[in-house]
Amino acid sequence: MRLTINGKLCNAKKVETVTELLNDLKIEPNRVAVEVNLSIVKKDAYSTFRLNEGDKVEIVNFVGGG
Amino acid sequence: MDDKLVIKGIGFQSRLWVGTGKYKDFTETKNAIEASGSDVVTVAVRRVNIIDRKSENLLDYIDPNKYKILPNTAGCYTVEDALRYSRLAREAGISDLIKLEVIGDEKTLFPDTCGLLKATEILAKEGFIVLPYTNDDPVMAKRLEDAGAAAVMPLGAPIGSGLGLRNPYNIKIILETVKLPVIVDAGVGTASDAAIAMELGCDAVLINTGIAGAKDPVSMAAAMKHAVFAGRLAYKAGRIPKKLYATASSPIEGML
C-alpha cells in the first residue's frame, strides 16, 4: 500500500485505519497528532478512520523548542 | 504572599518559563528545568522520526502531569502554517495553550505582526489560549489584546541573541497599555536581564537559549530562577526614584 508518510513515499503493508498504521510504525498514539490529506484526525477516530491508497499522512509530536 | 500568575484561569507557580530546545541531551534538559523551578516548558511540533523508532521522546523526561506544556509555532512564516501547527499541537497535547509565532524574517526572526494579529484572531475564536510572540510595540500589543490574545509576549531582543532588553521603555509602555499579562520572550542573556524585565513589572520571562546555551546550563537555570524571583520582589517592593545628586544616609546632627 502506497502512502506518503511525513513527506516520504512508503510502501507500507496494507493497513485499514490510522490505529493500524500507528501500530505498524510502533508509535504511541497518545503523544502524537495525525493529519491525513491536510485534515486532522481526532484521537477518538483513529480506529475508524480509513486510509486509502495514495493518502498523505503526517504524524507529529513534541520536540525540544523555545 | 500569594503572587500567582493566572492566565485564563490557569495558575502558574513560576514566573520563569523555560524552553526545551538546544540542550545537549534530554538529561541535561530535565536537570536544567528542575533547577529553574519552572512549571511551564515550551516545545515545538515536528514530524515523528518514522525510520528510527528507538529515538527517545522529550515527554519521557518532561512529565506532562508535572509541567504545563506550551507548544509553539516556531518556524512558521505564514498564517496558514501557524494555524496548522497550532491545531496539530492541540491535538497532540492536552491543552488549548499555544505560543503563537508567525515569523517575518529569517535573519532576525522578528515576528510578522500583520500575520500574527490575523492568526491570533482566528485561534482565539477557536478556543485557543493564544500567547503571541510579538515585537516590543505597544500599539501591536493593544491590537493583539483586542484580537483575543490571553497574554502578550514581546521580545526583549532577537531570539537567541542574548542582548537583553534592548528597549525597556517600550516594554514599560506595553505594561501600561494592555491589561493582559506581559511575558518577555527572547533576548534574555544572563540573570540581570531577567531581573530587569521583572523589575519593570513584567509578569513572567521566557528563556531558552540564555539557559541552554550557557557553559553550565543547570547553574544558569538556577541563576535565572533567583533573578526572576529577586526582580519580582523588587518590583513589588517599589524601588526608590533615580536622582542626579546625593542624599546622605547618615545624619548631620551630632557631628563634631
Side-chain angles (χ1 to χ4, degrees), chain A, chain B residues 17-26 28-29 33 41-51 53-62 64 69-75 80 84-94 99 101 109 133 159-160 185-186 206-213:
Chain A
M1 181 181 198
R2 284 155 68 89
L3 295 171
T4 302
I5 306 171
N6 287 357
K8 290 186 184 72
L9 187 61
C10 303
N11 268 316
K13 75 172 192 196
K14 176 72 182 156
V15 286
E16 299 280 340
T17 62
V18 170
T19 297
E20 283 181 27
L21 177 65
L22 293 178
N23 284 342
D24 189 46
L25 294 170
K26 297 183 174 58
I27 290 171
E28 165 65 44
N30 290 328
R31 288 178 177 177
V32 297
V34 177
E35 200 188 67
V36 178
N37 301 329
L38 297 176
S39 294
I40 289 176
V41 182
K42 294 275 179 193
K43 282 198 168 61
D44 53 16
Y46 284 0
S47 60
T48 51
F49 192 98
R50 305 196 78 79
L51 292 170
N52 296 305
E53 186 74 25
D55 278 350
K56 288 188 169 60
V57 183
E58 293 287 352
I59 309 166
V60 299
N61 64 356
F62 293 140
V63 302
Chain B
W17 295 12
V18 291
T20 55
K22 298 184 185 170
Y23 285 98
K24 190 176 69 190
D25 51 39
F26 286 144
E28 189 183 70
T29 313
I33 289 167
V41 297
T42 60
V43 295
V45 176
R46 294 292 181 266
R47 284 170 164 165
V48 171
N49 185 344
I50 57 165
I51 311 292
R53 291 302 311 133
K54 284 193 203 100
S55 56
E56 291 182 295
N57 187 288
L58 175 68
L59 296 189
D60 294 332
Y61 289 80
I62 311 296
I69 306 293
L70 174 57
N72 68 29
T73 61
E80 291 70 28
R84 187 183 184 196
Y85 276 72
S86 299
R87 291 163 183 156
L88 283 167
R90 176 150 77 174
E91 190 55 33
I94 39 169
K99 187 195 139 189
E101 300 184 28
L109 297 178
Y133 155 73
I159 295 170
D185 178 10
L206 171 54
I207 308 171
N208 189 347
T209 311
I211 295 173

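It should be emphasised that the depicted structure is a prediction, and the values quoted were computed from it without experimental measurement. Side chains included, hydrogens not; waters and symmetry mates left out as well; all remaining heavy atoms used. Naming convention: chains lettered A, B, ... in sequence-line order (proteins, then strands); numbering from 1 in each chain.
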- [ ] Examine whether an atom of B:Lys22 lies under 4.5 Å from a heavy atom of chain A, and if so say whether it belongs to the side chain, the backbone or both; otherwise answer neither.
- [x] neither

Task: Over all atoms of both residues, closest heavy-atom pair of B:Asp60 and A:Arg31 - done: OD1-NH1, 2.6 Å

TODO: For B:Leu58 and A:Val63, run side-chain contact (heavy atoms from CB on, under 4.5 Å): C-alpha distance rounded to whole Å, both residues' side-chain angles, the deciding distance at 0.1 Å, then the answer.
DONE: CA-CA 6 Å; B:Leu58 175 68; A:Val63 302; 5.7 Å; no

Task: B:Tyr85, OH: over 12 other non-hydrogen atoms inside 6.0 angstrom - done: no

Task: Pick from B:Ala92, B:Gly160, B:Gly75 with the largest number of heavy-atom pairs that fall under 4.5 Å of chain A - done: B:Ala92

- [ ] Quick one: pull up CG in A:Asn6 and CG in B:Asn49 and give me the separation to the nearest 0.5 Å.
- [x] 9.0 Å

Task: SB check B:Arg84 A:Glu35 (cutoff 4.0 Å) - done: yes

- [ ] Tell me, for B:Asn57 versus chain A, whether the close heavy atoms (under 4.5 Å) come from the side chain, the backbone, both or neither.
- [x] side chain

- [ ] Could you tell me which portion of B:Ile69 (side chain, backbone, both or neither) has an atom closer than 4.5 angstrom to a non-hydrogen atom of chain A?
- [x] side chain

Open item on the list: Within this structure, what is the CG-CZ distance for the pair B:Asn72 and A:Phe62, rounded to the nearest 0.5 Å?
Closed with: 9.5 Å

TODO: Could you check if a side-chain atom of A:Asn61 sits within less than 4.5 angstrom of a side-chain atom of B:Val48, using non-hydrogen atoms only?
DONE: yes

- [ ] Go through the atoms of A:Ile40 and report whether side chain, backbone, both or neither lie under 4.5 Å from a heavy atom of chain B.
- [x] side chain

Open item on the list: Tell me if a side-chain donor or acceptor on A:Lys8 pairs with a main-chain N or O of B:Ile50 at a distance below 3.5 Å.
Closed with: no

Open item on the list: Minimum heavy-atom separation for B:Glu91 and A:Ala33, please, with both atom names.
Closed with: CB-CB, 3.9 Å

Open item on the list: Are there over 12 heavy-atom neighbours, none belonging to B:Lys24, within less than 6.0 Å of that residue's NZ?
Closed with: no

Task: Atom group of B:Ala89 that falls short of 4.5 Å from chain A, counting heavy atoms - done: both

